[in-house]
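The structure appears right after this line, and notes come after that.
Count residues from 1 along the sequence.
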Amino acid sequence: MKKRKSWLGTIILLILIGLTFLAFFRGQNVGQLIEAMKNEDPVYITYAVLAVIAFLFGQGIIYRFMLAVLGQKTNLHKCVGYSFKGYFFCSVTPFQIGGPPAQIVLMSKDNVPVPVASMLVLVVATVYKVVLIVLGFGLIIFGQWFIRDYFTTSSVVLMGVGLFMTCGFCWILYMFMFHPRLAKKAIFKFFRWMERRGFMKHKDGREEGIEIGMSRYTQTADFFKSHKGTMVILFLLTVLQRVCLFSVTYFVYRALGLQGESFIKIIILQATVSLCVDMLPIPGGVGISEALFANLFSTVFSAAVLLPALVLSRGISYYVQLLLCAGYIFISRYAFAGRRRKAEENGEQT
């Protein structure tokens with residue numbers, strides 16, 4: 001059943017990708033598109049790929065920082081693993097709901113108490129969304145001229161819907177973070193669901209352990225409420241992390257031999273695309289992201305290079321990211337697992 005659902009999700013994602021590319025390539029001169037992409041500057045394309053890697057490592061650094069603040073012993077390698085695996089499951093699940101549960105399970109396997117891991121993932125996920133909320137309200141309050149010059153009516157509507165949904169989602173996360181009873185019920189239901197679906201084996205005493213561990217959950221929530229400096233650092237690190245991903249479009253812009261548009265303008269436009277699609281029930285925002293890119297960036301890229309820019313920007317920021325995460329999962333599952341088995345065997349022999 002588990003494998004069947006996994007394959008079904010993959011097939012749906014591939015169908016969405018196929019339909020999206022058919023829609024955008026229909027009526028286009030593929031030869032001209034390939035020629036335009038051949039002339040790209042490989043140095044800037046390399047910068048774009050490195051920006052994606054920095055984005056993925058960024059969340060690993062954030063988890064390493066937060067776990068250290070909470071007094072949990074871990075290392076950067078494991079935290080980067082949480083990031084790669086989390087973003088992979090976010091990319092292939094509706095509403096990006098697959099990542100946080102996977103990260104909680106991984107942390108629990110590394111001896112991070114489930115209540116602490118749950119609170120940490122909730123806080124990081126909330127701040128990740130809050131960055132977009134700050135941008136959205138910043139544009140509404142201070143950037144009316146920017147909206148008038150670069151946004152169409154449809155993109156304004158989508159931004160409003162995205163902002164509303166993101167605010168609502170953050171409110172739900174806030175309720176889970178600072179209302180322990182609600183969080184406890186959710187944790188119990190989550191693990192029972194994981195056991196029913198075969199993602200985890202039943203373990204006697206798990207629920208009793210969670211019951212006892214809820215005191216840690218409350219303590220962790222109180223810690224974040226009282227340590228505002230830590231939250232400010234988390235917010236700034238998250239801003240830098242998200243800028244890394246948004247900068248992919250700027251590097252693509254330069255790779256196509258273009259200049260004149262500011263880095264800040266391109267970052268804001270790309271962040272708006274993310275704000276509009278982050279909460280849509282479509283894996284990776286496939287289809288909508290591409291349409292919004294073509295809409296918002298028509299003022300940045302000329303008609304001749306808009307499609308190559310879309311293919312490169314979306315290809316690197318989403319599909320390359322997906323491949324990097326999948327590759328990391330494959331390597332960690334087989335290569336690292338083999339090393340662990342050898343280490344365990346050597347340990348048993350000694």
Side-chain angles (χ1 to χ4, degrees), residues 46-93 96-114 116-131 199-200 220 224 230-231 233-248 251 274 278 283-284 315-344:
T46 301
Y47 289 159
V49 174
L50 289 175
V52 171
I53 295 172
F55 167 77
L56 293 169
F57 271 79
Q59 190 175 82
I61 293 170
I62 288 171
Y63 275 131
R64 177 68 181 87
F65 165 71
M66 297 299 284
L67 285 167
V69 167
L70 292 171
Q72 296 293 320
K73 294 182 179 180
T74 185
N75 57 56
L76 184 59
H77 169 71
K78 288 183 178 179
C79 293
V80 169
Y82 306 152
S83 173
F84 275 76
K85 293 176 183 179
Y87 280 120
F88 175 80
F89 289 108
C90 278
S91 298
V92 298
T93 53
Q96 302 183 22
I97 60 173
Q103 291 174 331
I104 292 171
V105 171
L106 288 169
M107 289 183 196
S108 66
K109 290 180 178 179
D110 291 332
N111 299 318
V112 178
V114 171
V116 174
S118 301
M119 172 58 66
L120 178 58
V121 169
L122 286 174
V123 169
V124 171
T126 302
V127 175
Y128 189 79
K129 300 291 186 186
V130 166
V131 170
F199 293 110
M200 293 181 68
T220 307
F224 286 127
T230 299
M231 298 304 293
I233 294 172
L234 172 60
F235 178 81
L236 294 176
L237 287 173
T238 306
V239 170
L240 289 174
Q241 184 205 5
R242 300 217 75 166
V243 167
C244 285
L245 188 63
F246 299 151
S247 66
V248 169
F251 292 129
S274 293
D278 254 18
I316 295 171
S317 63
Y318 178 71
Y319 299 106
V320 169
Q321 180 191 157
L322 188 61
L323 288 173
L324 286 171
C325 292
Y328 182 91
I329 291 172
F330 178 83
I331 292 171
S332 63
R333 181 172 182 179
Y334 294 100
F336 296 153
R339 290 181 184 179
R340 282 195 297 269
R341 281 196 299 270
K342 288 182 180 178
E344 289 173 359

Applying the side chain to side chain contact (heavy atoms under 4.5 Å, CB included) test to Pro100, which of Val121, Val105, Leu122 qualifies? Val121

Quiz: residues 233-244 side-chain donor-acceptor pairs under 3.5 angstrom, not counting sequence neighbours:
unit_1, atom_1, unit_2, atom_2, d
Thr238, OG1, Leu234, O, 2.7
Gln241, NE2, Phe55, O, 3.2
Gln241, NE2, Tyr87, OH, 2.8
Arg242, NH1, Tyr128, O, 3.0
Arg242, NH2, Tyr128, OH, 3.3

First locate atom CZ of Phe246, then atom OG of Ser274, and finally report the distance between them rounded to the nearest 0.5 Å. 4.0 Å

Flag side-chain contact, heavy atom, 4.5 Å: Asp110 against Thr74: no

Taking Asn75 for its side chain and His77 for its backbone only, find out whether a donor-acceptor pair lies under 3.5 Å. yes

Can you list the residues that meet the ring-ring contact (aromatic ring centres under 6.0 Å, His included) rule with Phe57, with sequence neighbours excluded? Phe84

How about Gln103 and Leu120: do any of their side-chain heavy atoms sit closer than 4.5 Å? no

Check the pair Leu56, Val80 against side chain to side chain contact (heavy atoms under 4.5 Å, CB included), reporting the backbone distance first and the verdict last. CA-CA 7 Å; Leu56 293 169; Val80 169; over 6 Å; no

Could you tell me whether the side chain of Gln72 reaches within less than 4.5 Å of the side chain of Pro113, counting heavy atoms only? yes

Calculate, to the nearest 0.5 Å, the distance between atoms CG and OG belonging to Leu245 and Ser317 respectively. 5.5 Å

Do Phe251 and Leu50 touch side chain to side chain, with heavy atoms closer than 4.5 Å? no

Nearest 0.5 angstrom please: Ile53 CD1 to Gln321 CD, how far? 11.0 Å

Non-neighbouring partners of Thr230 that pass side-chain contact (heavy atoms from CB on, under 4.5 Å), sequence neighbours left out: Phe65, Met66, Val69, His227

Out of curiosity, Leu70 CG to Met119 CE, how far, rounded to the nearest 0.5 Å? 10.0 Å

Closest non-hydrogen atom pair, Cys79 against Leu67: SG-CD1, 3.9 Å

With rounding to the nearest 0.5 Å, note down the distance linking CD in Gln59 to OH in Tyr82. 12.0 Å

Closest heavy-atom pair and its distance - Ser108, Val114: CB-CG2, 3.8 Å

